[in-house]
Amino acid sequence: MLETRDLTVRFGGHVAVNAVSCAFAPGTLTAIVGPNGAGKTTYFNLISGQIKVSAGRVALNGQDLTPLGAAARAQAGLGRAFQLTNLFPQLSVRENVRLAVQARAGAGLNLWRIWSDRRDLLEKTDRVLEAVALADKRDALAASLPHGDQRKLEVGILMALEPQVFMFDEPTAGMSVDEVPVILNLIRQLKNDKTKTILLVEHKMDVVRELSDRIIVLHNGELVADGEPETVIASPVVQQAYLGISPEEKEAV
Amino acid sequence: MFSRILSHDLPRSRWLALMLVGIVLGLAFAPFLFTGVKSINVAAKVLIFISLVVSFDLLLGYTGIVSFAHTMFFGIGAYGLAIALNAMGPTWGAIALGTVSALAISLVLSLVIGLFSLRVRAIFFAMITLAVASAFLTLASQLSDITGGEDGLSFKVPELLTPGFALMEDDWEGPFGAVAFNGRFITYYLLFAVVTGMFLVMLRIVNSPFGRVLQAIRENDFRAEALGYRTVVYRTLSNVLAALFATLAGCLLALWLRYNGPDTSLSFEIMLDILLIVVIGGMGTLYGAILGSTLFLLAQSYLQDLLRLAGSATEGLPLLPALLTPDRWLLWLGLLFVLSVYYFPTGIVGRLRDRARR
Amino acid sequence: MNTNNLLTLQGVHTHIGAYHILHGVDLHVPANQLTMLLGRNGAGKTTTLRTIMGLWHASQGRITLAGQDITQQHTPDISRSGVAYVPENMGIFADLSVKENMLLAARGARSIDDIDTKRLEWIFDLFPAMKKFWNHPAGKLSGGQKQMLAVSRAIVEPRQLLLIDEPSKGLAPAIIQNMIAAFKALKEAQTTILLVEQNFNFARQLGDSVAVMDDGRVVHSGRMAELAEDEALQSRLLGLSLKAHQ
Amino acid sequence: QSKEIRIAHVYSKTGPLEAYAKQTHVGLMMGLDYATGGTMTVGGKKLVVIEKDDQGKPDLGKSLLAAAYGDDKADIAVGPTASPVALAMLPVAEEYRKILLVEPAVADSITGDKWNKYIFRTGRNSSQDAISNAVALDKPENTIVTLAQDNAFGRDGVKAFREAVKKGKLVHEEYLPAATTDFTAGLQRVVDKLKDVPGRKFVWVVWAGANSPFSKFAELELKKRYNIELATGGNILPAMTAYKQFPGMEGAAYYYFGIPKNPVNEAMVARHYKEFKSPPDFFTAGGFSAAMALVTALKKTNGDAKASALIPAMEGMSFDTPKGKMTFRKEDHQAMQSMYHFKIKADPAFAWGVPELVREIKPEEMNVPIRNKR
Amino acid sequence: MTTDFDYKPLLLVPLLALIALPLTGSASTWLTLTVAGLAMGMIVFVIASGLTLVFGLMDVLNFGHGVFIALGAFVATSVFAAMGTYVEADSFWLNMLALLPAMLVAMAVAGALGYVFERVIVKPVYGQHLKQILITMGGMIIGEELIKVIWGPQQIAMPLPVSLRGAFIFGEAAVEKYRVLAVLVGLLVFLAMVWTLNRTKVGLLIRAGVQDREMVESLGYRIVRLFIGVFVAGSALAGLGGVMWGLYQQTVIPQMGAQVNVLIFIVIIIGGLGSTTGALIGALLVGLMANYTGFLAPKVALFSNIALMVAILLWRPQGVYPVANR
Ligand SMILES: Nc1ncnc2c1ncn2[C@@H]1O[C@H](COP(=O)(O)OP(=O)(O)OP(=O)(O)O)[C@@H](O)[C@H]1O
Ligand SMILES: Nc1ncnc2c1ncn2[C@@H]1O[C@H](COP(=O)(O)OP(=O)(O)OP(=O)(O)O)[C@@H](O)[C@H]1O
Ligand SMILES: [Mg+2]
Ligand SMILES: [Mg+2]
């Protein structure tokens with residue numbers, strides 16, 4: 001169970017995330033929606049420890065994570081894919097994923113074994129690459145991938161980390177239509193594992209509608225709605241502030 | 001088996017492999033092949049630089065940390081041995097004590113520097129280490145009671161390692177000249193063994209899971225952190241390892257020269273030489289250290305001789321003799337700096353591997 | 001096809017290092033229209049835009065803008081002949097404020113007061129966040145806000161040709177609607193637009209003509225309306241059923 | 001028996017001391033030519049000079065000397081320019097059992113506690129420099145403050161000076177880092193020590209390097225304001241440009257081409273003018289003296305360059321130099337030589353301040369301590 | 001998020017001077033030291049200003065900066081030699097007739113060399129700090145050797161023009177005339193730089209160009225010319241600094257550039273790697289600190305610069321006025 005209590009962050013005078021309290025249970029996929037600049041990514045950053053909170057706390061399974069840094073939280077089971085692609089550009093696709101697999105196995109501080117002797121890790125890496133449809137590009141440098149493939153690699157790294165909590169920040173942005181289902185299938189499979197908690201930020205409403213068990217809405221840093229997908233989508237805040245449909249237009253649609 | 005010794009990190013280019021074999025054989029049989037005093041000195045210097053450059057490559061090539069304090073650790077090693085031998089006389093105990101205490105000092109110092117300053121921006125770290133190194137250099141020349149100040153320390157080594165000690169009564173007439181089986185001969189092979197060991201251990205380290213994380217941190221530390229790697233820990237550890245290796249290299253230097261002074265092991269010039277060797281050889285490829293050290297030291301040691309020839313060949317022409325005198329050898333060394341950055345952006349090793357891949 | 005093309009590419013090949021990426025692209029961009037450039041990941045859309053912009057040089061072929069050969073021109077000169085570019089990664093100057101980013105984009109302006117206030121107001125209307133974060137460092141903006149800034153920069157002064165790479169990614173639906181409105185308005189004002197998109201819905205609403213790329217070539221070009229009608233063609237060119245995921 | 005005598009000249013051909021080193025080499029070659037009457041042979045053997053560039057680096061100097069003795073089969077070595085290099089080289093001479101004639105490195109310890117019997121020195125040592133200056137300044141009415149570089153060179157000099165000053169009052173020793181660029185603070189400290197003292201007041205400066213305190217001394221107008229005078233030893237000509245601002249300044253110098261009156265010096269000056277259109281400088285004289293010493297010794301042994309023959313020949317040997325007669329002292333092989341008490345005159349014909357001879361200080365007048373433990 | 005001007009670092013300079021007042025003991029000594037220190041700081045600022053410009057705007061770590069300093073000084077000695085009569089004349093205006101051309105020629109020659117340096121040496125390594133260090137050091141070595149080829153390896157005297165010799169005396173305190181001139185030149189350089197960078201688009205453009213060169217070109221700016229221009233300006237400033245430094249030392253040697261390298265790097269680190277005001281503060285602090293510690297404890301003076309830098313970085317880890325995130 002991942003929990004945030006009164007989570008708040010201020011940048012100068014600007015409150016980017018304002019006292020957000022929310023709990024995310026294992027086995028559910030929660031979509032987080034809201035206009036640009038609502039604070040979704042910042043909320044993720046607070047949870048995964050990329051930025052420090054101004055107030056409030058983050059807890060996983062009752063353990064207070066607030067004082068920990070990003071690395072410690074990753075070890076505790078929070079996994080994160082980034083909105084703006086964030087890879088190891090001059091390493092190969094395979095090495096990008098292998099590093100995540102190795103992090104998961106906790107083998108990083110081993111100075112004496114030869115990395116390629118860990119067959120188990122290599123095999124797991126290849127399985128992940130298959131899953132995100134990058135197996136045929138495994139030797140390319142991450143930097144030379146087209147944008148869409150970089151997004152897939154970003155997701156692959158998160159998969160390889162096998163965290164307890166998966167946080168996807170617009171995983172399909174910029175991905176071509178024929179690739180999108182690959183990623184959505186992956187997320188669907190994850191949902192079958194009832195021990196995993198999944199958070200998803202996404203602007204494509206059909207994707208949100210199809211995948212989510214629950215939607216929360218952020219607006220100006222505040223949590224303004226929380227509930228079943230259909231009810232939340234139908235609510236006036238979402239219709240107006242997010243989808244930009246005024247009440248009159250709604251009649252027309 | 002062979003591949004395991006090299007930690008499965010093979011040269012991956014036929015030319016590279018050939019050159020490496022050539023150099024290693026050359027170094028292994030140097031006392032038999034090159035019997036002059038100067039050439040054996042150059043060979044020993046190549047060995048010492050290989051171990052020093054390898055340690056710097058861990059820092060620069062693998063972890064992406066630019067440090068100018070590397071010669072400081074080199075100097076600590078050299079001074080450790082020099083001071084111990086100077087104070088306690090030429091005993092093996094002094095060598096052991098000098099080495100161990102130098103390693104201990106380097107350990108503490110590198111840990112402190114790492115923990116305090118590896119958090120700041122890379123370029124600030126570089127500048128801080130530059131300042132720390134120059135402060136250390138000043139300190140070494142000021143504490144003249146201990147370090148001999150600018151004059152440095154000349155000292156004696158244990159009997160077994162002195163030129164006076166002879167394994168055989170007479171020199172052996174080899175095919176390339178007379179070989180004296182004396183203490184210098186023993187010292188050379190001692191160096192060779194230690195450096196080979198250090199190289200293989202370093203090769204192992206960079207090909208371990210740990211070494212791979214260092215590369216990841218070099219590429220994108222923010223992302224490495226998000227994967228659960230604590231970058232400060234890894235960076236500091238890398239800094240400490242590099243410092244320890246450099247210290248050992250310093251001990252070897254002192255042992256070979258039987259002298260140490262601030263210019264010999266601490267100067268900024270050596271720092272630049274190391275940087276250049278890493279870049280010529282190829283950053284992040286330990287084999288580059290072998291190629292780079294060999295080429296650079298050959299160039300540095302024989303450039304003046306070469307220029308003397310070139311100078312006399314161009315005699316009579318305008319301007320050229322002024323540029324080609326051995327006195328202006330630094331000019332050509334500077335040019336070497338510029339050209340190597342131009343033509344070997346990925347180093348010689350990178351170049352050769354690219355060719356092999358085509 | 002429209003005879004009056006502002007931009008044409010004929011048999012353009014591009015190499016990046018040792019890799020051969022574009023294999024003879026033929027593309028016509030009619031004046032005062034909006035042309036969509038579609039295609040799967042890795043088809044070469046971004047490379048095409050960069051080649052037009054002179055950021056990578058065509059190794060073969062010819063690119064003409066308003067009748068002038070620009071194949072070998074340098075980027076600044078291409079830009080000065082009235083081309084604005086929104087790159088895929090947005091190209092925001094993270095250390096500069098939103099205001100400074102905009103000031104640089106307005107090449108003629110020496111200070112912010114020199115920028116046409118009406119146009120600025122129009123941009124603020126489209127993207128209210130720009131006004132709100134006017135003095136903010138641009139690097140601190142949210143993903144979508146950066147995207148808005150990138151587009152705002154391209155339209156801060158009138159240009160004859162806009163090259164825009166996936167502007168809708170990461171934008172909330174309401175903002176996408178604003179952007180569609182903006183592009184329509186620009187078209188009215190005699191601006192030619194070449195737009196790369198993955199969002200087919202967006203493409204359908206805006207495009208006059210369309211070109212589809214695959215593997216470094218243009219494999220289809222025609223009118224947008226035709227492609228929108230023909231579902232079989234869509235799935236052949238662009239992949240699986242589109243409806244489900246838009 | 002070889003038909004050649006091989007002499008290795010190891011010196012800082014490149015590096016910061018390049019300008020000094022070249023003077024030495026010119027002097028050495030000129031001296032050899034002069035001493036052998038242009039034949040370059042002694043006892044039927046040809047003199048061959050091998051050049052080695054130590055770049056001012058002690059470790060390099062050490063290996064080059066070994067290479068010279070070992071690979072190039074040099075019989076005798078001359079050099080080096082810098083004291084640290086010399087100190088690193090001393091053990092090599094002992095290992096190879098060959099003569100090393102030190103010129104012009106000055107450190108006392110070369111002929112002091114680091115000395116071995118293969119080492120001779122024609123160059124002056126720090127003590128000789130200091131003592132001669134002390135002789136020039138040591139008067140009961142004089143109050144003196146020393147200002148020196150904070151390194152072995154400066155401290156050696158002041159130590160010898162302190163021991164030699166008997167009548168004058170030495171009230172303070174000021175040491176400044178060798179890299180000092182702003183001398184305001186140091187000079188202010190000196191002023192504070194001297195300003196209220198009666199009688200003649202001197203600041204005796206021991207400084208080598210381009211960043212010297214001399215010009216600051218003039219800028220601050222210390223003579224005018226507090227009647228504090230400057231005193232220092234000789235130097236190379238470009239450095240003596242700064243002396244021009246101190247007409248009347250006194251001190252003691254090792255060499256200035258216009259001072260010694262003897263045939264050797266006249267020959268050297270003439271040759272130098274002929275070849276370079278300029279007078280010989282500070283270090284040229286040293287190189288020339290080294291050559292004279294070598295040839296004199298080799299003549300004595302009739303061309304035998306082995307140390308076993310040369311050492312007895314050279315110990316106590318006297319030889320002519322541009323500075324008059326020098327003698328290798330038996331105990332520590334240091335050449336005893338005259339120094340020159342001078343007074344600066346600003347002569348518009350010269351770019352530098354011209355030192356005029358006040359008095360030649362003979363070796364017998366200087367009690368140069370023997371510092372090696374023989 | 002606009003912040004008011006951050007004045008705290010400015011206070012450091014008077015603060016340091018005030019702390020030193022009781023320690024030095026006498027007011028006249030304090031005055032002499034302080035004025036000399038500030039003037040020294042100004043000279044250091046002039047030699048470091050080009051480096052701040054090049055590093056702050058273009059993100060180029062020019063370890064070869066020193067060679068432009070040395071070149072400026074050597075060129076000036078040649079100009080002085082040609083105009084010997086003006087230098088030795090006992091008239092301020094005639095002296096200026098020698099000094100001004102010397103400065104201008106030095107700047108022109110250093111600027112011209114800067115052009116070559118940028119095209120040949122720096123251009124291939126934009127954005128790669130490590131290679132910049134190496135290649136510019138290589139350039140520096142070459143430059144220094146060429147100076148030796150042209151002017152010879154020995155030191156060359158560079159006496160002050162007659163009317164600038166000596167000092168103004170106020171009671172017990174002395175202020176060297178040359179230092180007054182140095183302060184004026186330093187202020188002039190400072191004001192010119194601040195004006196150009198804050199009142200024109202040039203500063204913005206170059207900062208943007210460092211982050212994303214392609215984008216600046218895509219916006220229609222010829223960044224290449226701009227970069228060359230800044231580099232040439234930086235080199236010319238170094239040339240001017242060389243003249244100032246040479247006159248201060250009154251002798252020049254080929255190694256003079258290398259000798260000040262660490263010093264000027266310390267200054268710009270204190271300043272925040274690229275801030276002009278920061279560099280000025282850094283230079284003044286360094287100048288004062290050297291004099292105060294030199295007077296109170298000469299041994300400590302050896303480490304005063306480094307101690308100062310460490311203290312500043314403990315207070316502000318990015319220097320007093322951090323420039324951008326790099
Ligand atoms: N480090 C920061 N400093 C200052 N302001 C920031 C910082 N990070 C984010 N902000 C501001 O906080 C707000 C929330 O940003 P955030 O990135 O969380 O938005 P978002 O909901 O993810 O939007 P989008 O859908 O566009 O990605 C934005 O207005 C942004 O400008
Ligand atoms: N810097 C590079 N080095 C090597 N190959 C590259 C580089 N950049 C792109 N490529 C290759 O060029 C091809 C075309 O890439 P491009 O970015 O143009 O595709 P795209 O159509 O824009 O895809 P996307 O929709 O994902 O953005 C891809 O196969 C990619 O791997
Ligand atoms: Mg976001
Ligand atoms: Mg693309």
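Convention: sequence-line order gives letters A, B, ...; per-chain numbering from 1.
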Under 4.5 Å from any heavy atom of chain D, what part of [X] do you find: side chain, backbone, both or neither?
X	result
K148(E)	side chain
T29(E)	both
A173(E)	backbone
L164(E)	backbone
L296(E)	backbone
E144(E)	neither

Looking at every heavy atom in both [X] and [Y], which two are closest together, and how far apart are they?
X	Y	result
P298(E)	P177(D)	O-CG, 3.9 Å
G294(E)	R189(D)	O-CD, 3.5 Å
A239(D)	Q155(E)	CA-NE2, 3.6 Å
T181(D)	Y248(E)	O-OH, 2.9 Å
P238(D)	A157(E)	O-CB, 4.4 Å
Q249(E)	S215(D)	O-OG, 3.8 Å

Can you tell which of [options] has the highest number of heavy-atom pairs within less than 4.5 Å of chain D?
options	value
A290(E), A167(E), A36(E)	A167(E)
G166(E), A301(E), A174(E), P153(E)	G166(E)
Q154(E), Q259(E), Q255(E)	Q255(E)

Would you compute the distance between atom [atom1] of [X] and atom [atom2] of [Y] and round it to the nearest 0.5 angstrom?
X	Y	atom1	atom2	answer
L176(D)	L302(E)	CG	CG	9.5 Å
E172(E)	D192(D)	CD	CG	9.0 Å
N211(D)	I253(E)	CG	CD1	7.5 Å
Q245(D)	R165(E)	CD	CZ	6.0 Å

Any side-chain heavy-atom pair of [X] and [Y] under 4.5 Å:
X	Y	answer
N291(E)	Q188(D)	no
F168(E)	E221(D)	no
P254(E)	E18(D)	no

Query raised in the report: Among E176(E), K177(E), R179(E), whose side chain to side chain contact (heavy atoms under 4.5 Å, CB included) with E219(D) holds?
Result: E176(E)
Query raised in the report: Which of the residues D150(D), V191(D), D182(D), L17(D) is involved in the greatest number of heavy-atom pairs with chain E at under 4.5 angstrom?
Result: D182(D)
Requested in this report: Using non-hydrogen atoms and a 4.5 Å limit, figure out which bit of F183(D) sits close to chain E: side chain, backbone, both or neither.
Outcome: backbone
Report task. Flag yes if more than 12 heavy atoms outside Y86(E) fall under 6.0 Å of its OH atom; otherwise flag no. Result -> no
